[in-house]
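Below is one structure; the comments refer to it alone.
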Amino acid sequence: MDLMKQAKIVDGIHDTLEDLVGQKIKVRANMGRSKIVESTGVLTQVHPRLFIMEVERKRGRTARHSYQYADVLTGMVELSQDGEPIFGEFIDDTPPEPAPENIRLFHESEQVLS
């Protein structure tokens, strides 16, 4: 994925989250070494490079967590609301199909070895 496409996607993530400020969101973050943290909180602030959520903890305490848009882009952070993912997959892992002219050339050069 080229840099311009990534920048446009990050801008789109920012714009979408700007519309969700004040709403409850579930976050599933991959913290590395097989540690995945899931929490639900209110999206409180959206900044140019990151967003901040306020998460309720035990005994009425709250904590603030910040996440980067790049982590959402790479899939390290997944966001959902009401059980539905807010963003789909941004990176398509499926290999592109060969162009028809490349398939024809492959078959023409194919030889049977005996």
Mind checking the CG-CG spacing from Leu20 to Asp15? Nearest 0.5 Å is all I need. 11.0 Å
Are Val21 and Tyr69 connected, step by step, through hydrophobic side chains (Ile, Leu, Val, Met, Phe, Trp, Tyr) whose heavy atoms are closer than 4.5 Å? yes
Within one Ile-Leu-Val-Met-Phe-Trp-Tyr cluster: Val72 and Val37, side-chain cutoff 4.5 Å: no
Check this for me: Glu54, atom CD, are more than 12 non-hydrogen atoms of other residues, nucleotides or ligands nearer than 6.0 Å? yes
Apply side chain to side chain contact (heavy atoms under 4.5 Å, CB included) to the pair Gln81 and Lys26, showing each step before the final yes or no. CA-CA 6 Å; Gln81 189 175 36; Lys26 182 176 180 180; over 6 Å; no
Is there a side-chain contact between Val27 and His65 (heavy atoms, below 4.5 Å)? no
What closest approach, in Å, do Ser39 and Tyr67 show between heavy atoms, and which atom pair accounts for it? OG-OH, 4.1 Å
Under 4.5 Å between side-chain heavy atoms, counting indirect links through other Ile/Leu/Val/Met/Phe/Trp/Tyr residues: same cluster for Met76 and Val10 or not? no
Between Ile52 and Ser66, which heavy-atom pair has the shortest distance, and what is it? CG1-CB, 4.1 Å
Nearest heavy-atom pair of Asn30 and Ile36: which atoms, and what distance? CA-CG1, 4.4 Å
Do you know which two heavy atoms are closest between Thr40 and Val55, and how far apart they sit? O-CG1, 3.6 Å
Between Ile86 and Ile25 the two heavy atoms that sit nearest each other are CD1-CG2, 4.0 Å
Starting from Val42, can I reach Val77 by hopping between I/L/V/M/F/W/Y residues whose side chains sit under 4.5 Å apart? no
To the nearest 0.5 Å, what is the distance between NZ (Lys24) and CG (Leu43)? 13.5 Å
Closest non-hydrogen atom pair between Thr74 and Asp71, with its separation: OG1-O, 3.3 Å
Working to the nearest 0.5 angstrom, can you tell me the gap between Arg49 CZ and Gln68 CD? 9.5 Å
Checking Leu17 against Phe87 for the side chain to side chain contact (heavy atoms under 4.5 Å, CB included) test, could you report, in this order, the C-alpha distance in whole Å, the side-chain angles of both residues, the deciding distance, and whether it holds? CA-CA 10 Å; Leu17 290 179; Phe87 304 105; 4.2 Å; yes
Output for pair (Met53 CE, Arg64 CZ), nearest 0.5 Å, gives 12.0 Å
